[in-house]
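Below is one structure; the comments refer to it alone.
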Amino acid sequence: MPEQQEKLKNNEVEELSNELIYRHYLMNKGKIRELFCEMTLPEYIALHLIAAESKKSSIYSGRTYLKDLSEKMQMTIRQTSKMVGELKDRGLVLWSHDGNGKEGTFVTITDTGKEMLTRQEEILKEYYRKVIETYGKENLIELLQMMKQLDTVMSSKIEEMEALKADGRIDRNDE
């Protein structure tokens, strides 16, 4: 671990951060999006989360509350509402509320949504089957574990910076 914590030179930090941002951009920009014909990546994730919740929770009759979906997708309620509204308009989810709506709004996946999700999952499974065969299952597992660790570190550093800003100890010019 000490070698990971050694001080990096500014040019090394810049080079590594730019490469990481570029790889993230490429993954999100075009390459993976080509696999999505009937829906966007965020819509797929939302439908997948809604479908998974409906399978595991008979208590709530397959309901996924908008607040929970928003938190899981790390989106604002407004962004989530807009996306869910579009999914509803396409007949992929039903959007309703408890009581008078103050208790929360929720979505459930429709049969049409399930069918579209299944088609998309088949495309992704076939693609990733080929990727895993070439890249290696162990390599992918290790990469995913490392990505999760990196995400944890990055999130904690953002939280630290936000706390310092809130305390007035740094401003945007100091970053």
Side-chain angles (χ1 to χ4, degrees), residues 20-133 135 137 140-141 143-159 161-163 165-166:
L20 185 60
I21 289 168
Y22 179 65
R23 293 291 156 203
H24 183 261
Y25 167 79
L26 287 179
M27 184 60 83
N28 289 321
K29 180 64 179 161
K31 293 180 179 181
I32 197 75
R33 287 185 182 172
E34 293 174 13
L35 299 173
F36 292 88
C37 304
E38 297 181 81
M39 67 183 77
T40 66
L41 178 57
E43 289 172 340
Y44 169 77
I45 293 170
L47 285 176
H48 180 76
L49 291 170
I50 294 165
E53 190 62 34
S54 72
K55 288 178 187 173
K56 76 175 187 182
S57 177
S58 60
I59 297 170
Y60 298 111
S61 305
R63 298 173 178 177
T64 301
Y65 284 86
L66 205 62
K67 180 179 179 275
D68 296 334
L69 184 61
S70 175
E71 287 173 6
K72 287 178 182 175
M73 294 192 67
Q74 298 181 3
M75 295 170 62
T76 65
I77 290 287
R78 178 176 283 213
Q79 292 168 321
T80 307
S81 294
K82 182 178 183 217
M83 180 181 57
V84 167
E86 292 167 2
L87 292 171
K88 178 184 168 277
D89 292 345
R90 291 167 48 205
L92 305 177
V93 298
L94 298 175
W95 191 1
S96 192
H97 56 81
D98 288 327
N100 63 5
K102 290 182 181 177
E103 292 84 14
T105 65
F106 61 87
V107 292
T108 54
I109 191 166
T110 64
D111 288 340
T112 303
K114 288 177 188 174
E115 291 166 9
M116 187 180 286
L117 179 62
T118 298
R119 287 192 302 270
Q120 185 60 58
E121 285 173 335
E122 288 303 316
I123 292 168
L124 293 172
K125 278 193 273 189
E126 182 57 30
Y127 171 73
Y128 281 109
R129 180 178 290 111
K130 293 174 183 175
V131 168
I132 293 167
E133 286 171 0
Y135 188 66
K137 178 182 171 184
L140 185 60
I141 290 170
L143 176 62
L144 292 171
Q145 290 169 342
M146 292 173 71
M147 288 173 72
K148 189 172 184 176
Q149 290 172 354
L150 179 61
D151 183 55
T152 300
V153 169
M154 291 171 71
S155 294
S156 72
K157 295 305 171 192
I158 287 174
E159 288 172 8
M161 290 174 70
E162 288 172 348
K165 283 181 201 173

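Residues forming a salt bridge (Lys or Arg N to Asp or Glu O under 4.0 Å) with Lys114 (at least two apart in sequence, or on another chain): none. Every side chain to side chain donor-acceptor pair (under 3.5 Å) that Glu38 has, sequence neighbours left out, goes to Arg119. Every residue meeting the salt bridge (Lys or Arg N to Asp or Glu O under 4.0 Å) condition with Glu122, not counting sequence neighbours, appears here in chain and number order: Lys125. Here Arg78 pairs with nothing under the side chain to side chain donor-acceptor pair (under 3.5 Å) rule; sequence neighbours left out. Residues passing the ring pair (Phe, Tyr, Trp, His ring centres under 6.0 Å) test with Phe36 are Tyr44, sequence neighbours excluded. Qualifying salt bridge (Lys or Arg N to Asp or Glu O under 4.0 Å) partners for Lys157, counting only residues two or more places apart in sequence or in other chains: Glu160. With sequence neighbours excluded, no residue forms a side chain to side chain donor-acceptor pair (under 3.5 Å) with Gln149. With sequence neighbours left out, the side chain to side chain donor-acceptor pair (under 3.5 Å) criterion links Thr118 to no other residue. Applying the side chain to side chain contact (heavy atoms under 4.5 Å, CB included) criterion to Thr112, with sequence neighbours excluded, gives Leu92, Thr110. Here Glu126 pairs with Arg129, Lys130 under the salt bridge (Lys or Arg N to Asp or Glu O under 4.0 Å) rule; sequence neighbours left out. Looking at residues two or more places apart in sequence or on another chain, you find no side chain to side chain contact (heavy atoms under 4.5 Å, CB included) involving Ile21.
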So Ile50 and Thr108, side-chain contact (heavy atoms from CB on, under 4.5 Å) or not? Walk me through it.
CA-CA 7 Å; Ile50 294 165; Thr108 54; 5.5 Å; no
Going through the checks in order, is the side-chain contact (heavy atoms from CB on, under 4.5 Å) test met by Glu53 and Arg63?
CA-CA 7 Å; Glu53 190 62 34; Arg63 298 173 178 177; over 6 Å; no
Side chain to side chain donor-acceptor pair (under 3.5 Å) evaluation trace for Ser156 with Glu159
CA-CA 5 Å; Ser156 72; Glu159 288 172 8; over 6 Å; no
Determine whether Leu69 and Tyr65 satisfy the following criterion, side-chain contact (heavy atoms from CB on, under 4.5 Å), listing intermediate values before the conclusion.
CA-CA 6 Å; Leu69 184 61; Tyr65 284 86; over 6 Å; no
Can you list the steps and then say if Glu121 with Leu124 is a side-chain contact (heavy atoms from CB on, under 4.5 Å)?
CA-CA 5 Å; Glu121 285 173 335; Leu124 293 172; 5.7 Å; no
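Nearest heavy-atom pair, Gly113 versus Leu47, reported as atom, atom and distance to 0.1 Å: O-CD1, 4.4 Å. Between Trp95 and Phe106, the closest heavy-atom pair is CD1-O, 3.2 Å.
Atom CD of residue Gln74 and atom CD of residue Gln79 lie 11.5 Å apart, to the nearest 0.5 angstrom. Distance check: Leu150 CG to Lys148 NZ gives 13.0 Å after rounding to the nearest 0.5 Å. Taken from CD1 in Ile109 to NZ in Lys55, the straight-line distance is 8.5 Å, to the nearest 0.5 Å. The OG1 atom of Thr105 lies 4.0 Å from the CG atom of Leu66; values are rounded to the nearest 0.5 Å.
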Side-chain donor-acceptor pairs of residues 81-88 under 3.5 Å, sequence neighbours excluded:
residue, atom, partner, partner atom, Å
Ser81, OG, Ile77, O, 2.9

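Considering only heavy atoms from C-beta on, Leu49 comes within 4.5 Å of Met73 through its side chain. Contact check for Leu94 versus Val107: no side-chain heavy atoms found under the 4.5 Å cut-off.
A side-chain donor-acceptor contact under 3.5 Å links Gln120 to the backbone of Leu35.
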